[in-house]
Trainee: 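Below is one structure. I have some questions about it.
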Amino acid sequence: MMPAMLDIRFIRDQENLVRERLAARGRGDEVVIGQLLARDQERRRLLQECETLKSQRNAVSKQVGALKSKGQDASALMAEMKQVGDKIAALDLQVAELENQNLPALLTIPNLPHATVPTGKDAADNPEVRRWGTAPKFDFKPQPHWDLGEKLGILDFSRATKIAASGFILYKGMGARLERGLINWLLDLHTREHGYTEVFPPFLINRASMIGTGQLPKFEEDMYRLRDDELYLAPTAEVPVSNIHRDEIFRADELPRYYCAYTPCFRREAGAAGKDTRGMIRVHQFDKVELIKFCHPDTSYDELEKMVANAERVLQLLGLHYRVVLLCTGDMGFSSAKTYDIEVWASGQDKYLEVSSCSNCEDFQARRANIRFKDADGKNRHVHMLNGSGTALARLFVALLETYQQPDGSVKLPDILAPYLGGQTHIQAR
RNA sequence: GGAGAGGUGGCUGAGUGGUCUAAAGCGGCGGUUUGCUAAACCGCUGUACGGGUGAAAACCUGUACCGAGGGUUCGAAUCCCUCCCUCUCCGCCA
């Protein structure tokens with residue numbers, strides 16, 4: 001049986017808590033609990049009956065073997081067991097059917113929000129946790145990145161549409177160089193200074209991995225899927241990297257494990273039509289450097305704070321104004337128990353843009369992906385898994401252009417990026 | 001893409017229809033011996049899902065698991081079918 005995200009035993013033992021925490025998300029996920037538990041109870045009853053019969057069959061079959069080896073007749077026992085075998089087959093079928101009926105519900109129930117997550121309806125209820133720097137002041141009217149980028153000849157939206165479709169980006173010249181430089185800088189930062197191990201995973205993902213991290217089966221329509229193979233384009237490096245250790249058991253001393261990875265991210269953005277249509281705020285393909293942690297359950301909330309700090313450091317080093325918000329119960333992602341978003345200031349649009357989302361999924365993904373560790377008394381327990389953007393590139397690119405734009409429409413980038421841009425930090429029209 | 005070989009516990013590896021309750025070895029854990037270490041010797045050994053006892057730690061018990069899924073049989077690691085993966089060689093290719 002496929003491991004479910006919430007342990008059915010936990011739901012059984014903590015029914016009220018589960019109902020209450022699901023209700024806090026405000027999506028009505030708790031309504032399936034009653035039926036889930038009823039089926040589970042029936043399943044266990046049938047299972048017990050079935051296993052008793054199997055036990056009987058095992059014993060009698062052994063007798064048959066013994067009789068036959070002595071050359072005695074065993075046909076009566078064999079006929080009797082034939083009957084028992086039919087009953088067992090029928091019961092096996094019923095048990096499997098009940099499991100199959102419960103599986104979709106188990107796989108589509110979201111994670112329970114942590115007790116420290118504020119209850120709320122949507123993004124408007126997300127409390128701001130802190131703010132770093134201040135929004136830059138201009139003595140001219142700052143332009144949005146789509147104007148800056150086109151005029152500088154570093155972004156080309158219409159030709160990207162010609163090549164692919166709307167919602168794709170063509171970077172050119174210093175634009176392409178900046179994108180590549182940022183990827184390298186971010187990987188260097190997190191590996192050299194924050195202790196992460198760099199990995200470069202496949203960009204095509206199989207179904208089992210997509211289920212492991214929670215993208216499937218519920219969000220199939222958000223994913224790009226290949227027609228001829230059961231493979232999906234990675235929506236985030238979280239998927240391939242988290243699945244590195246699927247079906248594995250860590251020794252306790254192997255935790256925590258930190259990984260970071262660059263991948264392009266492919267998202268259909270189904271249902272987002274008409275939102276953020278200008279520029280590169282919401283696109284079907286963007287680059288991202290992702291941070292992933294596997295850790296002991298006791299330390300996962302400390303690890304979450306550290307991960308957020310690692311992502312914030314990116315913006316601090318680039319001198320970009322940002323704020324950190326704590327997502328409320330109604331705004332959190334499917335797999336997460338607690339999420340911080342980091343939003344960078346985009347001067348040209350006079351608003352904050354989400355560039356990072358750092359989540360503690362606790363054991364939700366570990367349960368689905370069957371990732372465990374052996375604890376001090378030799379028991380296997382599920383690890384806690386965290387993921388966070390460190391950071392998304394497209395919106396970081398946007399914030400850099402809009403924050404560091406000059407009156408003449410050129411852009412002066414922070415010096416820290418110079419080594420990654422061949423020493424050239426001033427992007428001018430040419 | 002073609003041909004061949006294979007997939008068994010943490011690892012190596014035996015096992016071709018009936019004490020397989022999976023041999024043996026390695027590793028690991030515990031113990032004995034011992035100035036210490038090593039060696040030797042003895043014992044133990046996986047996962048999942050149920051049921052029972054207990055305040056609990058635990059203990060007792062059943063079932064399933066030999067790549068995955070079906071089938072045959074009273075009984076399957078073993079026989080049959082489908083699929084997946086690995087290795088070797090060939091072809092093709094950045």
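Fair warning: this is a prediction, and the values are worked out from it, not measured in the lab. Per chain, numbering begins at 1; letters A, B, ... match sequence-line order.
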Trainee: Can you name the salt bridge (Lys or Arg N to Asp or Glu O under 4.0 Å) partners of A/K306, sequence neighbours left out?
Mentor: A/E303
Trainee: In terms of ring plane angle, is the pair A/Y224 and A/F168 parallel, tilted or perpendicular, where the classes change at 30° and 60°?
Mentor: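 Tilted, since the angle between the ring planes falls between 30° and 60°.
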Trainee: For A/Y258 and A/Y196, take the angle between the two ring planes, folded into 0 to 90°, and tell me which bin it lands in: parallel under 30, tilted 30 to 60, perpendicular over 60.
Mentor: tilted
Trainee: With a 4.0 Å cut-off on heavy atoms, is A/R45 in touch with a base, just the backbone sugar-phosphate, or nothing at all?
Mentor: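 Result for A/R45 = nothing.
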Trainee: So, for A/D331 and A/D122, which heavy atoms are closest and what is the spacing to 0.1 Å?
Mentor: CB-C, 4.1 Å
Trainee: To the nearest angstrom, how far is A/E99 atom CD from B/G50 atom P?
Mentor: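 My rounded result for the distance is 9 Å.
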Trainee: Rounded to the Å, how far apart are A/K379 NZ and B/A57 P?
Mentor: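 In whole Å, B/A57 P and A/K379 NZ are 7 Å from each other.
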Trainee: Whole-Å distance between B/C49 C1' and A/D92 CG?
Mentor: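 Distance check: A/D92 CG to B/C49 C1' gives 13 Å.
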Trainee: Write down the partner of B/C59 under the Watson-Crick or G-U wobble criteria, each distance required to be under 3.5 Å.
Mentor: B/G52
Trainee: Take nucleotides 63-80 of chain B nucleotide by nucleotide from the 5' end and write B, S or -, depending on whether a protein heavy atom sits under 4.0 Å from the base, only from the sugar-phosphate, or from neither.
Mentor: BS---------BS-----
Trainee: Measure CG/A/D7 against C1'/B/C49 and give the value in whole Å, please.
Mentor: 11 Å
Trainee: Whom does B/U37 pair with, Watson-Crick or G-U wobble, provided both distances fall under 3.5 Å?
Mentor: none
Trainee: From CD1 of A/I11 over to P of B/C49, roughly how many Å is that when rounded to an integer?
Mentor: 14 Å
Trainee: If pairing requires Watson-Crick or G-U wobble contacts with both distances under 3.5 Å, which nucleotide is the partner of B/A68?
Mentor: B/U82
Trainee: Side-chain N or O of A/R12 less than 4.0 angstrom from OP1 or OP2 on B/G50?
Mentor: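 Affirmative; the distance criterion is met.
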Trainee: Pick the C1' atom in B/C49 and in B/C42, then give their distance to the nearest Å.
Mentor: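 Per the computed distance, 35 Å lies between those C1' atoms.
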Trainee: Let me know the distance between CZ of A/R44 and P of B/A48, rounded to the nearest Å.
Mentor: 18 Å
Trainee: Under 4.0 Å, counting only non-hydrogen atoms across every strand here, what does A/K374 touch: a base, just sugar-phosphate, or nothing?
Mentor: sugar-phosphate
Trainee: Consider only side-chain N and O atoms of A/R246 and A/S209, and report whether a donor and an acceptor are under 3.5 Å apart.
Mentor: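 Their side chains do contain a donor-acceptor pair, which is all the 3.5 Å distance test asks for.
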Trainee: Output yes when at least one side-chain N/O atom of A/R251 is less than 4.0 Å from OP1 or OP2 of B/G10, else no.
Mentor: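 Checking B/G10 against A/R251, no side-chain N or O comes under 4.0 Å of OP1 or OP2.
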Trainee: Please enumerate all residues that pass salt bridge (Lys or Arg N to Asp or Glu O under 4.0 Å) together with A/D125, with sequence neighbours excluded.
Mentor: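 Partners of A/D125 by the salt bridge (Lys or Arg N to Asp or Glu O under 4.0 Å) criterion come out as none, since no residue qualifies.
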Trainee: Return whichever of A/R372 or A/S69 has its heavy-atom-nearest nucleotide of RNA chain B closer to the 5' end.
Mentor: A/S69
Trainee: Under 3.5 Å for both donor-acceptor distances, Watson-Crick or wobble: does B/G43 have a partner, and if so which one?
Mentor: B/C29
Trainee: How far does the P atom of B/G62 sit from the matching atom of B/G69, given to the nearest Å?
Mentor: 24 Å
Trainee: For A/K412, what residues pass the side-chain contact (heavy atoms from CB on, under 4.5 Å) criterion, not counting sequence neighbours?
Mentor: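 A/K412: side-chain contact (heavy atoms from CB on, under 4.5 Å) contacts with A/Q406, A/H426.
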Trainee: For B/G17, give its Watson-Crick or G-U wobble partner with both distances under 3.5 Å, or none.
Mentor: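 When the pairing criteria are applied, nothing turns out to pair with B/G17, so the answer is none.
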Trainee: State the pairing partner of B/G4; accept Watson-Crick or G-U wobble contacts with both distances under 3.5 Å, and report none otherwise.
Mentor: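 By the stated definition (distances under 3.5 Å), B/C87 pairs with B/G4.
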Trainee: Counting only Watson-Crick or G-U wobble pairs whose two distances fall under 3.5 Å, which nucleotide matches B/A24?
Mentor: B/U12
Trainee: Can you tell me, in whole Å, how much space there is between the C1' of B/A40 and that of B/A57?
Mentor: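 My reading of the C1' atoms in B/A40 and B/A57 gives 35 Å.
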Trainee: Just jot down the side-chain hydrogen bond (donor to acceptor under 3.5 Å, both in side chains) partners of A/D375, sequence neighbours excluded, or say none.
Mentor: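 Residues passing side-chain hydrogen bond (donor to acceptor under 3.5 Å, both in side chains) with A/D375: none at all.
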Trainee: Applying the Watson-Crick and G-U wobble criteria at under 3.5 Å, what pairs with B/U73? Answer none if nothing qualifies.
Mentor: none
Trainee: Write down the distance between CD (A/E248) and P (B/U47), rounded to a whole number of angstrom.
Mentor: 16 Å
Trainee: Tell me, please, which residues at least two apart from A/Y232 pass ring pair (Phe, Tyr, Trp, His ring centres under 6.0 Å).
Mentor: none
Trainee: Expressed in whole Å, how much space separates the P atoms belonging to B/U8 and B/G13?
Mentor: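 Rounded to whole Å, the distance is 9 Å.
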Trainee: B/U45 P sits how many Å from A/I249 CD1, rounded?
Mentor: 18 Å
